[in-house]
J.: 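Starting off with a structure, shown below.
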Amino acid sequence: MSDDREQAPATSMLDRIELVLEALDDNGYLTLSETTRLTGIPSSSAHRLLEKMVSMRWLNRVGSRYELGIRLFELGSRAIRNHWFHRVSLPIMQELHRTTGAVVHLAFLDGADGVYWEKLSGSFGANVPSRIGGRYPAHRSAVGKALLTQLPSEALDGPVFDHLETGVVGGRRALREELVRAVSEGVTYDRGTLSPSLGCVGAPVSKGIPKPAAISICGPVDRITTDRRMIEAVQRAAAAIEKAARQVDAGSRTT
């Protein structure tokens, strides 16, 4: 962003929103003081605007920082690509895709749904019915169940998960037991839910964006879910993403 634009007064609400979004696009995340400095919007007005954008899900607030939010992720792939967490995750996902040959997903949790943030397809991708920005009930995929393992157990009792009583054999109790086993093993599985021949293995990434994140690999069910090398590769990639995210977070606190 140029110095002239940093100081230019923004008179309309749309002008101010544009300045905030452009500053976020350039920097990845902003504090209130950084927002004021980069946009020229007075602090009190900037605070009201930022909080309004949080309430609309255009932004996420994490402590004193504001980041691009879920609604914008759904509306534009550019918002997805420029998020710092996506930037640190992508090279690790690409290496996972290269070494396994599997379809690789990155997803985050929104309510009871997993939202696909990235998909690396390859030759098998057409067999996996997922798309970037798409939503899918979290309990019905490996990556979604990896997201759910990061919630407190009582979260499944919330009304947003009422559909589990009719959508899952055994209801909440059965899913809770599956998630307890997944936490112990460090991975989640899907064997044939999306497609009879499709298997997926997911692993949680507990550090990064405000909502839980996770990755998964998908491919032929008899290869993906039984080969220990595949399972360990997903776990290593999830750990590497978490480590990279922690380094970014630590760096932001020292600058």
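Note that the structure is predicted; figures quoted are calculated from it, not measured.
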J.: Can you list the residues that meet the side chain to side chain contact (heavy atoms under 4.5 Å, CB included) rule with V54, with sequence neighbours excluded?
T.: L59, R61, Y66
J.: Tell me, please, which residues at least two apart from E18 pass salt bridge (charged side-chain N to carboxylate O under 4.0 Å, His left out).
T.: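 E18 satisfies salt bridge (charged side-chain N to carboxylate O under 4.0 Å, His left out) with no other residue.
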J.: Could you tell me which non-hydrogen atom of A214 sits nearest to which non-hydrogen atom of P204, and how far apart they are?
T.: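 Heavy-atom minimum between the residues: CB-CA, 4.0 Å.
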J.: Side chain to side chain contact (heavy atoms under 4.5 Å, CB included) with A233: which residues, sequence neighbours excluded?
T.: L96, T100, R236
J.: Does the side chain of F85 come within less than 4.5 Å of I241's, by heavy atoms?
T.: yes
J.: So, using side chain to side chain contact (heavy atoms under 4.5 Å, CB included) as the criterion, who are the partners of A239 when residues are at least two apart?
T.: none
J.: Answer whether the closest heavy-atom distance between the side chains of L148 and L175 falls below 4.5 Å.
T.: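 They are in side-chain contact.
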J.: For R228, does the CZ atom have more than 12 heavy-atom neighbours from other residues, nucleotides or ligands under 6.0 Å away?
T.: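 Buried by this count: over 12 neighbours within 6.0 Å.
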J.: Could you list the residues that satisfy salt bridge (charged side-chain N to carboxylate O under 4.0 Å, His left out) with R131, not counting sequence neighbours?
T.: none
J.: Would you call D162-R172 a salt bridge at under 4.0 Å N-O?
T.: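 Yes.
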J.: Sequence neighbours left out, what passes salt bridge (charged side-chain N to carboxylate O under 4.0 Å, His left out) with R98? Give chain and number order.
T.: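 Applying salt bridge (charged side-chain N to carboxylate O under 4.0 Å, His left out) to R98 gives E95.
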J.: Are I17 and W58 packed together at the side-chain level, in the sense that at least one heavy-atom pair is separated by less than 4.5 angstrom?
T.: yes
J.: Out of curiosity, E178 CD to K145 NZ, how far, rounded to the nearest 0.5 Å?
T.: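 Reported value, rounded in 0.5 Å steps: 4.0 Å.
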J.: Test your reading of the model: is there a side-chain donor-acceptor pair from T149 to the backbone of L179, 3.5 Å cut-off?
T.: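 Checking the backbone N and O of L179 against the side chain of T149, no donor-acceptor pair under 3.5 Å is found.
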J.: Look at the rings of H83 and W117 and say which category their plane angle falls in: under 30° parallel, 30 to 60° tilted, over 60° perpendicular.
T.: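 Rings of H83 and W117: perpendicular, over 60°.
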